[in-house]
Amino acid sequence: MRQLVIVLLALVAPQQLLASGCDTKGVIIEKSFLQSVHDCVEYLQIPKERLMQYLSNEFPPDDETKCLLFCVGVDLGWWNNTCGLQVPSIVSYFQPVQGDKQYEKRTKECLDRRVGAIQSPNSCCQAYETFQCYFQEFGNLVTCPQYVRLTKLQATQAALDCLVMLRYPEDLLKVYARGQVEDCPETRCLYHCIDLRTGLYTHEHGISLPNFFVRDAAFNDLRYLSKETKACRDRVRQSGCDKCTEVYQTHQECLSGLGENGYTSGLITEAAKLALANLGVCCDEPHEQKPCYKPHPPPTHVPCTTPCPVTYHPTSPPNYVYVPKPHPPVPKQTCSVCGNKASSPTPYPSPAAGVVPSVALSYSSARPSTCSSCGAVDRMYNKPVVRGYSRGSSCGCRACSRSSYK
């Protein structure tokens, strides 16, 4: 009987894992506001009895609550201690009420009035007032988990993981480490791995433009959400290219010039440097470095079919060798769309268009204020009796759903 139960569990468990809505790849972070509140209560060792107050969407203007919301802002990526508010990250956690056409104007005025007047460098107070402006003026809190952008350190680690998992050899790592991230099959598949691992791409939906918008939150580049960018992405996706080429060509044709310039290629360069630094370091003797492998003689030269700084030769895993190309590159065979250049996307109005962080967080206001004024009470738009939390109750996603793709 016991053996039968074990067999049944072995058959059922994999199906449950495949069907789980919480299954994620790599270092993808999708988190709800309430999850972050719960975590920050533990980080800051706030008494548990206060958690129920916060879960009821009550955030009184005491120091403990202000620093809790600062922690939540850092955790969810909408607050940066150097730059302040990151608009694309915070707007994903609020849904304007249908028919409300003044939420942008009210939010900006609130930020100017309550945050712009703060002269104290108290980050807890600034983050608290910023949250209150969005909570009271912008819309209802979204209950579903949202995409949280990675730090550069986390994204670099994801790129390093991809270099290791794809088993790229030392010669290619040296090319990447010199900043030469050129178009070849290995580079295209590295882009695919990085975007897949960091939640910017899925095989089901392709490149997620809203997640790219959040990734480059410091730039608040609304062109990520434009109809032109979406049309370009869809055109590349429907062209019949393989998945690696789809991701790479979308970067080159649709996302070039948007957000932070050279973000992914920069990750690859830094990750390659780290990978080279780790070569030859054995795990069993941490205090002594010695070679962990013996070099293998190169196999017969077989040129690749795309221009590449070095030629790729797969042999029996895990032995890979790159040798210089002795002949001119062979013309590249591409998909029908890969050689076409997309027109530059035009700016597209967005719900966040009227909110400018640099203005909202200016401390040059003539009206001085300290954290003692943080308790100013404005009208509440998030109370259940007023708005009913329509977004939270009917968001249409499962308990552990991913961010929606547009």
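This is a predicted model, so every value here is computed, not measured.
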**Q** Do any pairs count as a ring-ring contact (aromatic ring centres under 6.0 Å, His included) and have a residue in residues 229-261, sequence neighbours left out, and if so which ones?
**A** Tyr191-Tyr248, Tyr191-His251, Phe212-His251

**Q** Identify, with sequence neighbours excluded, every residue that meets ring pair (Phe, Tyr, Trp, His ring centres under 6.0 Å) alongside Tyr176.
**A** none

**Q** Answer yes if the side chains of Tyr54 and Glu58 hold a donor-acceptor pair under 3.5 Å, and no otherwise.
**A** no

**Q** Have a look at Leu51 and tell me which of Leu68, Val37, Ile46 forms a side-chain contact (heavy atoms from CB on, under 4.5 Å) with it.
**A** Val37

**Q** Go through it in stages, so that I can follow the logic: the residues are Phe135 and Phe59, the test is ring pair (Phe, Tyr, Trp, His ring centres under 6.0 Å), and I'd like the CA-CA distance, side-chain angles, deciding distance and then a yes or no.
**A** CA-CA 10 Å; Phe135 184 65; Phe59 304 99; 5.8 Å; yes

**Q** Taking NZ, NE, NH1 and NH2 as the nitrogens, is one of them in Arg114 or Glu137 under 4.0 Å from a carboxylate oxygen of the other?
**A** no

**Q** Not counting sequence neighbours, which residues clear side-chain contact (heavy atoms from CB on, under 4.5 Å) with Cys193? List them please.
**A** Cys162, Met165, Leu166

**Q** Quick one: list whatever passes side-chain hydrogen bond (donor to acceptor under 3.5 Å, both in side chains) with Glu270, sequence neighbours left out.
**A** none

**Q** Got a donor-acceptor contact below 3.5 angstrom from the Gln146 side chain to the Tyr93 backbone?
**A** no

**Q** Tell me, please, which residues at least two apart from Asp62 pass side-chain hydrogen bond (donor to acceptor under 3.5 Å, both in side chains).
**A** Arg50, Thr65

**Q** Any carboxylate oxygen within less than 4.0 angstrom of a Lys/Arg side-chain nitrogen, looking at Lys31 and Asp39?
**A** yes

**Q** Please evaluate residues Val91 and Tyr134 with respect to the criterion side-chain contact (heavy atoms from CB on, under 4.5 Å), reporting the C-alpha separation (whole Å), side-chain torsions for both, the decisive distance (0.1 Å), and the verdict.
**A** CA-CA 8 Å; Val91 297; Tyr134 278 87; 4.0 Å; yes

**Q** Can you list everything that forms a side-chain contact (heavy atoms from CB on, under 4.5 Å) with Gln102? Sequence neighbours excluded, please.
**A** Asp100, Lys105, Arg106

**Q** Examine the side chains of Ser32 and Gln35 and answer whether a donor and an acceptor come within less than 3.5 Å of each other.
**A** yes

